[in-house]
Amino acid sequence: MTTPFSYSAPKLLIAGQWREGRDTNRNLITNPANMQALDELTLASKDDLNEALAATQAAFNVWRQTSAHERCERLERGVTRIRENTEHIAHLLTLEQGKPLAEARAECQMAADLVKWYAEEARRIYGRIIPSRLPNSRMEVQKQPVGPVAAFSPWNFPLVLSARKLGGALAAGCTIILKGAEETPASVAAMVDCLNHALPEGVLQLVYGNPPDVSQTLIESPVIRKVSFTGSVPVGRHLAELSAHHLKRITLELGGHAPVIICSDADLKRAVDLLATHKFRNAGQACLSPTRFFVARQCYDQFVDLFGKAASALRLGSGLDAQTQMGPVANARRKQALLDLIDRTVAAGAQRISATAPDEGCFVSPTLLVDVPQSAPAMREEPFGPVACLVPFDTLDEAIALANQSEYGLAGYLFTDSAASIHTVTQNLEVGSLAINGVGVSVPEAPFGGVKDSGYGSESGIEGMEAFLDSRFVHYVS
Ligand code: NAD
């Protein structure tokens, strides 16, 4: 397969300069569709990180004084550049992460939309006037940028999950050091480059490195005032502890194990069509991916049949092939973890329905695990891949109770025609986002975040902007 876009690993963006990291180690970047090496990534040394910290502090003194209108205008220029470079960025993303090109283009547009929304919102960072207790005094609440931010984004949606952090921080008047995922460095660097063209030196910096060393150095530095992380629960817990020790605010988005409740009065065909696309997008490597399907017993067999047919009809292949509907998973580590989870769940009593997958690369066949016991591994562990667990239920209360047994609480889905069922599920399902008769749980203008082990704090929406602001009370007496 030929592509007009060539791949090379990016440099680091430190103090306005793109340059190689000075750590003695390098990371090999691999194409998960064929396991061919793409390039080597240089990594940040401790000295590189200290330079980034000094630059972010210096730039914060400038950026916090920059008017909201100018911040908005600069970010919008960056957004225009991202849109103009979508083809280039999307090809890099497909090569290093595996998702089909159409999904990579859509992700790039979504990342641009996120920064655009935050940019506009910069103009609406209002404080408030509080009615005073005294005739000769005036009381105000002013919103201030919290300070330099350290952000850590993962490899599954590297553009969108970086844009959620960059957009909010920069629009609020914070500077930011982003550590992108080392597995998918070039697409994020290309997006960052577009934004950086419109920003003063040092406002936005990008590093790659040894993750525990980078997070330790950045979080313990007094320069950093806010931490934002998207990734797994164990790493999130570690960064929360580190942030607590240094009294830093942190936003955590730690994945999900999304329940879908399909009632007997649902439009089954519509539910299957929507869920088959949503479930297998990005080979299921999405924190909001529907993973635990609770289906009313009256329509369970029919749903299993229709959903199984839709899953096995998907065309797997290289993301660069226009016919491909599902690419590989992101790396060999994820493939092995998924095959192991499927085997352990079958051993615990579930039935497996899956088609074949290409031999080369990190492909995992779309897999339905049917009649899964509630205690089976895949009902507890986030699959993070093209795996769906299906379970019948008899009453809505039973379905909600089963859904709430997970330690996660990010996204949830409901398909029903009943207002009463909508009310009951809306009131009782333990999730941060709920889609009813649809699958849209994440848009730039609405908060996205979880409850329970899915983390705390929100990204996107006015709540996402608030995460980068402090409130200052000012009391004037004349
Ligand atoms: P991980 O948590 O180990 O890695 C996710 C990101 O965090 C990567 O970019 C990694 O470099 C970074 N990271 C790891 N250790 C770090 C540290 N000490 N400090 C700072 N950053 C660090 O996850 P993984 O092994 O890549 O994937 C395994 C699981 O993580 C998945 O099965 C899924 O459950 C979860 N995950 C969730 C999301 C999400 O969107 N919430 C994204 C990716 C992975």
Side-chain angles (χ1 to χ4, degrees), residues 27 29 32 41 43-44 49 96-99 107 150-165 177-185 187-188 206-220 224 227-243 248 250-258 281-289 291 329-342 362 364 377-378 380-387 406-411 432-433 441-442 448-450 452-460:
N27 274 20
I29 314 300
L41 176 70
L43 305 174
L49 296 173
E96 63 190 7
Q97 201 269 351
K99 65 183 65 183
E107 179 174 345
F152 306 89
S153 59
W155 44 263
N156 56 332
F157 286 92
L159 302 176
V160 158
L161 298 178
S162 298
R164 278 198 188 138
K165 302 176 195 318
I177 303 174
L178 172 69
K179 190 198 81 61
E182 286 69 25
E183 291 93 336
T184 54
S187 53
V188 173
L206 176 67
V207 296
Y208 295 103
N210 178 35
D213 292 345
V214 178
S215 53
Q216 174 95 25
T217 301
L218 297 185
I219 294 173
E220 71 186 10
I224 296 299
V227 181
S228 181
F229 172 76
T230 302
S232 65
V233 174
V235 176
R237 210 181 289 283
H238 168 66
L239 297 190
E241 284 168 6
L242 205 52
S243 299
K248 307 285 167 77
I250 183 166
T251 299
L252 293 170
E253 201 270 84
L254 305 180
H257 202 340
R281 187 166 70 106
N282 200 24
Q285 301 163 108
C287 49
L288 48 66
S289 182
T291 42
V329 295
N331 52 52
R333 178 180 88 237
R334 289 302 314 141
K335 176 175 175 176
Q336 194 47 51
L338 280 159
L339 297 180
D340 176 61
L341 181 66
I342 293 168
C362 299
V364 175
R380 297 192 312 275
E381 299 167 32
E382 180 184 23
F384 222 65
V387 176
S406 171
E407 287 169 0
Y408 289 99
L410 191 65
S433 299
V441 285
S442 169
F448 185 76
K452 306 200 284 190
D453 281 4
S454 290
Y456 43 77
S458 295
E459 298 188 289
S460 308

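Heads up: numbering here begins at 1 and tracks the sequence. Just follow the structure's listing: the first ligand is 1, and inside any ligand the first atom is 1.
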**Basic-acidic side-chain contact under 4.0 Å: K99, E107** = yes

**Request:** Answer yes or no: is there a side-chain heavy-atom contact under 4.5 Å between S215 and K179?
**Result:** no

**Request:** Cation-pi check, K165 to F229: give yes when NZ or CZ is under 6.0 Å from the six-membered ring centre and within 45° of the ring axis, no otherwise.
**Result:** no

**Prompt:** Are side-chain N/O atoms of S454 and E253 paired as donor and acceptor at under 3.5 Å?
**Reply:** no

**Residue pair Y208, W155: steps toward the ring pair (Phe, Tyr, Trp, His ring centres under 6.0 Å) verdict** = CA-CA 12 Å; Y208 295 103; W155 44 263; over 10 Å; no

**Request:** Answer yes if the side chains of R237 and S232 hold a donor-acceptor pair under 3.5 Å, and no otherwise.
**Result:** no

**Message:** If the criterion is any heavy atom closer than 4.0 Å to an atom of ligand 1, which residues make the list?
**Reply:** F152, S153, P154, W155, N156, L161, K179, A181, E182, P211, P212, S215, F229, T230, G231, S232, V235, H238, L239, E253, L254, G255, C287, R333, R334, E382, F384

